[in-house]
A.B. asks: 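Attaching a single structure in structure tokens format; questions to follow.
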Amino acid sequence: MSNNHATFIWSIADLLRGSFKAHQYGDIILPFTVLRRLDAVLAPNKSQVLGAVEEARAKDVPVRPALLKARAGHQYTFFNTSRYDLRSVLGDPENITENLLDYVGGFSENVKDIFDKYKISDRFAELADAGLLFLVAQRFAEVDLSPQAVPNEEMGHIFEELIRKFAEASNETAGEHFTPRDVIELMVDILLAPDADALSKPNVVRSIYDPTAGTGGMLSVAEDHIRAMNPTATLTLAGQEINPQSYAICKADMTVKGQAVDAIVFGDTLLNDGHAGSTFNYCLSNPPFGVDWKKQQKHVTEEHNLRGFAGRFGPGLPRVSDGSMLFLLHLISKMRPKGADSAGGRAAIVLNGSPLFTGGAGSGESNIRKWILERDFLEAIIALPSDMFYNTGIATYVWVLTTDKHSSRAGKVQLIDASKKFQKMRKGLGSKRNELGSADIADIVRLYGDFADAPESKIFDREAFLYRTVTVERPLRLNFAATADRVAAVFADKAVAKLSDVDKEHLRLALDSIGETRLWKDRGEFQAELKRVLAASEISVAPLVLKAVLAGLSEQDHTADACVDSKGRPEADGALRDTENVPWNDDIHAYFRREILPFLADGWIDESKTKEGAEIPFTRHFYEYVPPRPLAEIDADLDAVLGRIRVRLEQVKA
């Protein structure tokens, strides 16, 4: 039934052909579909609403929105005060544009913004200019989209089918706001898998949230799956979207399904959390990959500094060039905490490879990973095949998180390599050339549910991804001599250049007296000699000048004695400084003695520089070494190729 309705509505595109381009069809068909659905929903109580408006006008009092909502029907949170509906505007073809604008303008604000974001007045004007406004309105008025003829769930399917067709017609930009359904199916199945028993209980109540809702695909698929498991379930769908048209589509989809009109919020999730203070049972997101957050930097940094862990971004901030981990933190803040009256929350988010490993110990990214692992939120990471999304072919990963791990998963993280589980599409859409078949999804969900080591599944203690970065120092070793080159370096120094010409000459004579043939390998001895000759000169040498002279006359020499400070401690050579990542469960001193000291006998750890970090080297754990082909086999192949070339050359000569 739903496909028939969708096909009929989409057939209205035949009217648009020639006057509009294919990628523009959705801009007209989608808002008109919403208009017709709302028109049909409010029709039974239209007269009661208009009666309330007339009563208020007669008494010269403001119309109370609560009263209008009640007159519209107790299950609805919106109304329309215009005397027109979609059928009555057809009775005055000459003024159809003005009457349609009056009708749309009569909706309550919480619905009217859908049409504002669709720029419905522009669409009316374009259709009127093409002489098509009356015909399009007439065709939509013929479609019965009342709740009695098309229940909310079926209406949702109609709208989703139209969205899909619209996305395919606009596939050059679809990926920005449209997540492939096969990816969503996998994410939802993974999220729901551990809750199958709870979801089967009569009248179970669940909430679903998407902070980057796009056109609402994730919310719709999650709703469909839960209703298929339990038709008596009560579901609340909520989300936020920054793109005006995608917001309009998503909010319209939720509205035609009978969801709360205010559940979808317009705006930037990072700048303004439209569902502040709310948490949810299931959270899903496909945030933008590799997009900078310069526009949000001031606000996000303030929240991080002022609110700390009471806000969303307490664990740390990633580099400004990629804000995907900010969405990860936001999603975690929206998971329902585990409590006496709550089973906790679960989340699935699509990310590229960068959040797995970008940033060394102490960086914002590493601190975020460490915080997630320490709180045991991370349940699994699933590597998807490449070429899965409309606007990118890069490798992507689904992170699965929860505030209520099963005891068998406590302290563990599962990595699943599903990069080879796909089927080729008969026709690609943008960058999307691969898709997950139903068997692929079932296989991945099975691997997740089995929670066992297998060629495509690895189980790790969370500490396996934690480490400490230690700084290994080596002593500074210098030799000293007053050679011509080194003396020239002394006089090139800024501190020395400020000396008077007389002092410069006296300094030059003092350095000449040292002699360029003598080489010192002990800084203490050379410093004593330098002070002696400078004291004999007729200048007073400032500490900065002395430091410049010592630096200019020195050169690294691994055979020289180690330089020491005033307390006799060896000085570190910054040029030889190195770092080493020590596994979390290793004692850093035992590791140093075992792995470093045998090769750097004079090295030591500067514990003041030790940092804690976390990374998830996914690819390394599934890498399989493939030995190169034997040299004899390669030579044989080359000989065969050269032989064929020689034969062809002989044929050309003949």
Side-chain angles (χ1 to χ4, degrees), residues 117 173 175-177 179 209-214 218 238-247 250 264-280 283-335 347-375 377-378 389 391-392 394 396-397 399 401 469 611-616:
K117 296 298 187 297
T173 58
E176 296 178 16
H177 315 292
T179 305
Y209 171 73
D210 183 351
T212 53
M218 289 190 171
Q240 187 161 348
E241 174 55 32
I242 191 173
N243 178 271
Q245 188 185 58
S246 296
Y247 161 76
C250 182
I264 306 300
V265 178
F266 177 70
D268 188 326
T269 302
L270 298 182
L271 285 178
N272 178 33
D273 180 3
H275 295 276
S278 298
T279 56
F280 303 88
C283 304
L284 301 111
S285 180
N286 175 22
F289 299 155
V291 175
D292 70 61
W293 50 284
K294 291 178 183 177
K295 291 187 294 185
Q296 300 93 344
Q297 186 174 9
K298 181 176 182 295
H299 178 89
V300 169
T301 303
E302 284 180 356
E303 181 174 339
H304 169 72
N305 293 333
L306 298 178
R307 299 199 62 198
F309 287 94
R312 297 172 291 173
F313 311 118
L317 300 178
R319 61 199 65 197
V320 178
S321 59
D322 186 356
S324 57
M325 294 191 84
L326 294 177
F327 288 99
L328 174 62
L329 287 175
H330 171 82
L331 204 67
I332 290 172
S333 75
K334 291 299 177 185
M335 289 194 297
I349 182 172
V350 182
L351 299 170
N352 64 5
S354 178
L356 293 171
F357 52 79
T358 298
S363 68
E365 294 90 346
S366 178
N367 288 341
I368 293 169
R369 287 189 293 267
K370 181 172 178 288
W371 178 81
I372 292 172
L373 289 165
E374 287 179 337
R375 277 146 191 81
F377 289 147
L378 183 59
F389 290 82
N391 60 344
T392 180
I394 63 173
T396 51
Y397 301 81
W399 291 45
L401 307 112
T469 295
K611 297 178 180 179
E612 296 179 349
E615 69 172 9
I616 304 172

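Since the structure is predicted, the reported quantities are computational estimates derived from the model, not experimental observations. Sequential numbering from 1 along the given sequence is applied to the chain's residues.
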A.B. asks: Quick check: closest heavy atoms across Ser333 and Thr279, and the distance to 0.1 Å?
C.D. replies: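 So the two residues come closest at O-CG2, 3.9 Å.
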
A.B. asks: Enter the distance from Glu241:CD to Thr212:OG1 here, rounded to the nearest 0.5 Å.
C.D. replies: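 Glu241 CD to Thr212 OG1: 7.5 Å, rounded to 0.5 Å.
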
A.B. asks: Please tell me if the side chains of Phe327 and Leu351 come closer than 4.5 Å, counting only heavy atoms from C-beta onward.
C.D. replies: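 The answer is no, as the side chains (C-beta and beyond) never meet within the 4.5 Å cut-off.
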
A.B. asks: Could you tell me the separation between the CZ atom of Arg375 and the CG atom of Leu401, rounded to the nearest 0.5 Å?
C.D. replies: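 Reported to 0.5 Å precision, the distance equals 13.5 Å.
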
A.B. asks: What distance do Leu328 atom CG and Glu365 atom CD have between them, rounded to the nearest 0.5 Å?
C.D. replies: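 Leu328 atom CG to Glu365 atom CD measures 11.5 Å (nearest 0.5 Å).
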
A.B. asks: Starting at OH of Tyr247, measure out to CD1 of Ile264 and round the result to the nearest 0.5 Å.
C.D. replies: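 Reported to 0.5 Å precision, the distance equals 8.5 Å.
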
A.B. asks: For a 4.5 angstrom cut-off between non-hydrogen side-chain atoms, does Phe266 reach Pro244?
C.D. replies: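 Yes, their side chains come closer than 4.5 Å.
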
A.B. asks: Which is it for Leu331 and Phe280 under the side-chain contact (heavy atoms from CB on, under 4.5 Å) test, yes or no, and what are the steps along the way?
C.D. replies: CA-CA 10 Å; Leu331 204 67; Phe280 303 88; over 6 Å; no

A.B. asks: May I ask you to test the Pro315-Leu329 pair for a side-chain heavy-atom distance under 4.5 Å?
C.D. replies: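 A side-chain contact exists here, since the closest heavy-atom pair is under 4.5 Å.
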
A.B. asks: Quick one: does any side-chain atom of Arg312 pair with a main-chain N or O of Val300 as donor and acceptor, under 3.5 Å?
C.D. replies: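 Not at all, since once roles are kept as given, no pair shorter than 3.5 Å links the two residues.
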
A.B. asks: Is any side-chain heavy atom of Val350 closer than 4.5 Å to a side-chain heavy atom of Phe289?
C.D. replies: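 A side-chain contact under 4.5 Å exists here.
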
A.B. asks: Check Gln240 against Asn272 and note the closest heavy-atom contact, atom names and distance.
C.D. replies: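 Looking at all heavy atoms of both residues, the closest pair is NE2-O, 2.8 Å.
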
A.B. asks: Does a side-chain N-to-carboxylate-O contact under 4.0 Å join Glu615 and Arg369?
C.D. replies: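 No.
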
A.B. asks: Check the orientation of Tyr209 and His275. Use parallel for under 30°, tilted for 30 to 60°, and perpendicular for over 60°.
C.D. replies: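 Geometry flag for His275 against Tyr209: perpendicular rings.
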
A.B. asks: My understanding is that only one of Leu271, Asp268, Asp322, Leu317 makes a side-chain contact (heavy atoms from CB on, under 4.5 Å) with Trp293; could you say which?
C.D. replies: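 Passing option: Leu317.
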
A.B. asks: Output, in order, the C-alpha distance, side-chain angles, deciding distance and verdict of side-chain contact (heavy atoms from CB on, under 4.5 Å) for Trp399 and Ile616.
C.D. replies: CA-CA 12 Å; Trp399 291 45; Ile616 304 172; 4.2 Å; yes

A.B. asks: Does the side chain of Ser354 pick up a donor-acceptor pair with the side chain of Asn352 at under 3.5 Å?
C.D. replies: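 Side-chain D/A pair, Ser354 to Asn352: absent.
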
A.B. asks: If every non-hydrogen atom of Thr469 is compared with every non-hydrogen atom of Ala361, which pair is closest and at what distance?
C.D. replies: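 Answer, listing the atom of Thr469 first, then Ala361: OG1-CB, 3.3 Å.
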
A.B. asks: NE2 of His304 to CD of Gln297: how many Å apart, nearest 0.5 Å?
C.D. replies: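 The CD atom of Gln297 is 12.0 Å from NE2 of His304, to the nearest 0.5 Å.
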
A.B. asks: Between Met335 and Ala347, what is the shortest heavy-atom contact and its length?
C.D. replies: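 Heavy-atom minimum between the residues: SD-CB, 3.6 Å.
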
A.B. asks: Please give me the minimum heavy-atom distance between Met218 and Leu284, naming the atom from each residue.
C.D. replies: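 The pair with the smallest heavy-atom distance is SD-CB, 3.6 Å.
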
A.B. asks: NZ/Lys298 to CD/Glu302 distance, rounded to the nearest 0.5 angstrom?
C.D. replies: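 The CD atom of Glu302 is 4.0 Å from NZ of Lys298, to the nearest 0.5 Å.
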
A.B. asks: Looking only at heavy atoms, what is the nearest atom pair of Ala614 and Ser366, with distance?
C.D. replies: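 Where Ala614 meets Ser366 most closely, the heavy atoms are N-OG, 2.9 Å.
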
A.B. asks: If we check side-chain contact (heavy atoms from CB on, under 4.5 Å) with Thr269, which of these qualifies: Lys334, Gln296, His330?
C.D. replies: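 Passing option: His330.
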
